[in-house]
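All remarks here apply to the structure that follows.
Side chains are part of it too, since the values below use all heavy atoms of this structure and drop only hydrogens, waters and symmetry mates. A, B, ... follow the sequence lines: proteins, then strands. Residue 1 opens every chain.
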2 protein chains.
Amino acid sequence: MAEPRKSAQQAGPRRAGEKPHDHDACIDTAIARARTLCDERAVQLTPLREKVLQIVWRSHKPVGAYQVLDELARTHKAARPPTVYRALDFLIAEGLIHKIESLNAYLGCGEAGVAHTSQFLICRACGTAEEIVDPKLDQALDAAAKRARFTVERKVVEIAGLCGRCAG
Amino acid sequence: MAEPRKSAQQAGPRRAGEKPHDHDACIDTAIARARTLCDERAVQLTPLREKVLQIVWRSHKPVGAYQVLDELARTHKAARPPTVYRALDFLIAEGLIHKIESLNAYLGCGEAGVAHTSQFLICRACGTAEEIVDPKLDQALDAAAKRARFTVERKVVEIAGLCGRCAG
DNA sequence: GGGCGAATGATACAATATAACTTTGGGCCT
DNA sequence: AGGCCCAAAGTTATATTGTATCATTCGCCC
């Protein structure tokens, strides 16, 4: 059911001098990877879940659950809050999306299937959130926790401010 | 109006071998510091705001806005959600409390009046949240942002897991 | 063809947060 | 004293985010 999409409504991250971001390809890659991963793990990426994943991936801006619901309801009349939250919970459990706690919103994971910690740079001007993987930062988090004799289970790192394009 | 409190309902952080945490003194210190700071800044720590600050400080567990409301309403019949949210907003603006984004809850700031970044260790077993100040971690955050040409305005660092006492 | 379990449907509601307008009360000016 | 201003708090209503619970569907396996 991978019908062609209309061109993406939101451009992705791009800095001056870089070439335009092909967001359709970006989504396609993410969906393809999700299918592969779910297949390997013998979990079901149902049409509903895949549709929700597509909606989350429509932009690089974190999207609220009720925005997802509105979008989903266009083609899926039965959609209700639990429909969306269940799909989001599944996608989070499988590491296909992240929740941005400081925004109560959700973002496609660019590193699905790869062991990684999630750190986010959230621009207050353009609304995009960039997922970064910074081993030094991650080590610093672990070191800080260890110093406090704390056993880490989950790390939430969200840096808000201005991205290079919006500041520059 | 600093009437004596009943003994604190929640003990604070304490490790095996440490002496008991005198939470009443802990609150007193926080309130006294808050008064001094607000005085210096010529902002009003009104009785209502101070009461909310006391309620947040009753434990070292992050407390939800509606928990604050319930507690406040015991002695302040007119209390409504905006009453609480306005007080919390003020206290956050003055750096007297922090919001824990991953819990939608609020915690007294142990470093009020001192320039610092906030990092939290949140125990899922006992519910306490410890505020730590780790310059290396902070530097790592700044470095990661700089590498991505990102201008930092706010940092949210919340590590969830098990504290030393609950894990040990 | 019956039973099981995962996924989804459907209804209701809980928890968190804000908008917008009104009232109060203290400081200050004349 | 009287009037004005402004910050704080009161008041009512509503928006936003998230869950609980039970019913239904559907594929799979025996």
Check the distance between C/dT16's C1' and B/Leu88's CG and give it to me in whole angstrom. 12 Å

Candidate nucleotides C/dA17, C/dG9, D/dG10, ranked by approach to the side chain of A/Ala78 - the nearest: C/dG9

Ranking D/dG10, C/dT18, D/dG18 by distance to the side chain of B/Pro81, first place goes to C/dT18

Whether the A/Glu130 and A/Thr128 side chains hold a donor-acceptor pair (N or O, under 3.5 Å, no angle test) is what I'd like checked. no

Would one find a side-chain N or O of B/His76 under 4.0 angstrom from OP1 or OP2 of D/dG10? yes

Measuring from atom CZ of B/Arg33 to atom CD of B/Glu111, what distance do you get when rounded to the nearest 0.5 angstrom? 7.5 Å

I'd like to know if A/Arg86 reaches the base of C/dG9 with its side chain such that a donor and an acceptor end up less than 3.5 angstrom apart. yes

I want to check one thing: is the phosphate of D/dA7, taken as OP1 and OP2, less than 4.0 Å away from some side-chain N or O of B/Gln44? no

To the nearest angstrom, the CD-P distance between A/Gln67 and D/dA15 comes to 17 Å

Kindly assign one of parallel, tilted or perpendicular to the pair B/His60 and B/Trp57, based on the angle between their ring planes and the thresholds 30° and 60°. perpendicular

Between D/dT16 (C1') and A/Asp70 (CG): distance, integer Å: 12 Å

Mapping A/Tyr85 and B/Leu48 to their closest nucleotides on DNA chain D, which lands nearer the 5' end? B/Leu48

Could you state the atom-to-atom distance from CZ of B/Arg49 to P of D/dA7 in whole Å? 11 Å

Between B/Glu101 and B/Arg154, is there a salt bridge with N-O shorter than 4.0 Å? yes

So, is A/Asn104 close to the D/dT16 phosphate, meaning a side-chain N or O under 4.0 Å from OP1 or OP2? no

With a non-hydrogen cut-off below 4.0 angstrom, is A/Lys99 in contact with a base, only sugar-phosphate, or nothing? sugar-phosphate

How many Å lie between CD on A/Glu94 and C1' on C/dA7, as a whole number? 14 Å

note: A/Leu69, atom CG; D/dG18, atom P; distance rounded to Å ~ 12 Å

Minimum-distance nucleotide (side-chain atoms of B/Thr46 versus D/dA9, C/dT8, D/dT12): D/dA9

Most 5' of A/Pro82 and B/Ala105 on DNA chain C, judged by nearest nucleotide: A/Pro82

Separation of D/dA9 P from B/Glu50 CD (nearest whole Å): 12 Å

Can you tell which of D/dA9, D/dG10, C/dT11 lies closest to the side chain of A/Arg80? C/dT11

Any side-chain heavy atom of B/Cys109 within less than 4.5 Å of one from B/Ile97? no

Under 4.0 angstrom, heavy atoms only, what part of the nucleic acid is A/Tyr106 near: base, sugar-phosphate, or nothing? sugar-phosphate

Taking for each residue the nucleotide of DNA chain C bearing the nearest heavy atom, is the 5' side occupied by A/Ala79 or by A/Tyr66? A/Ala79

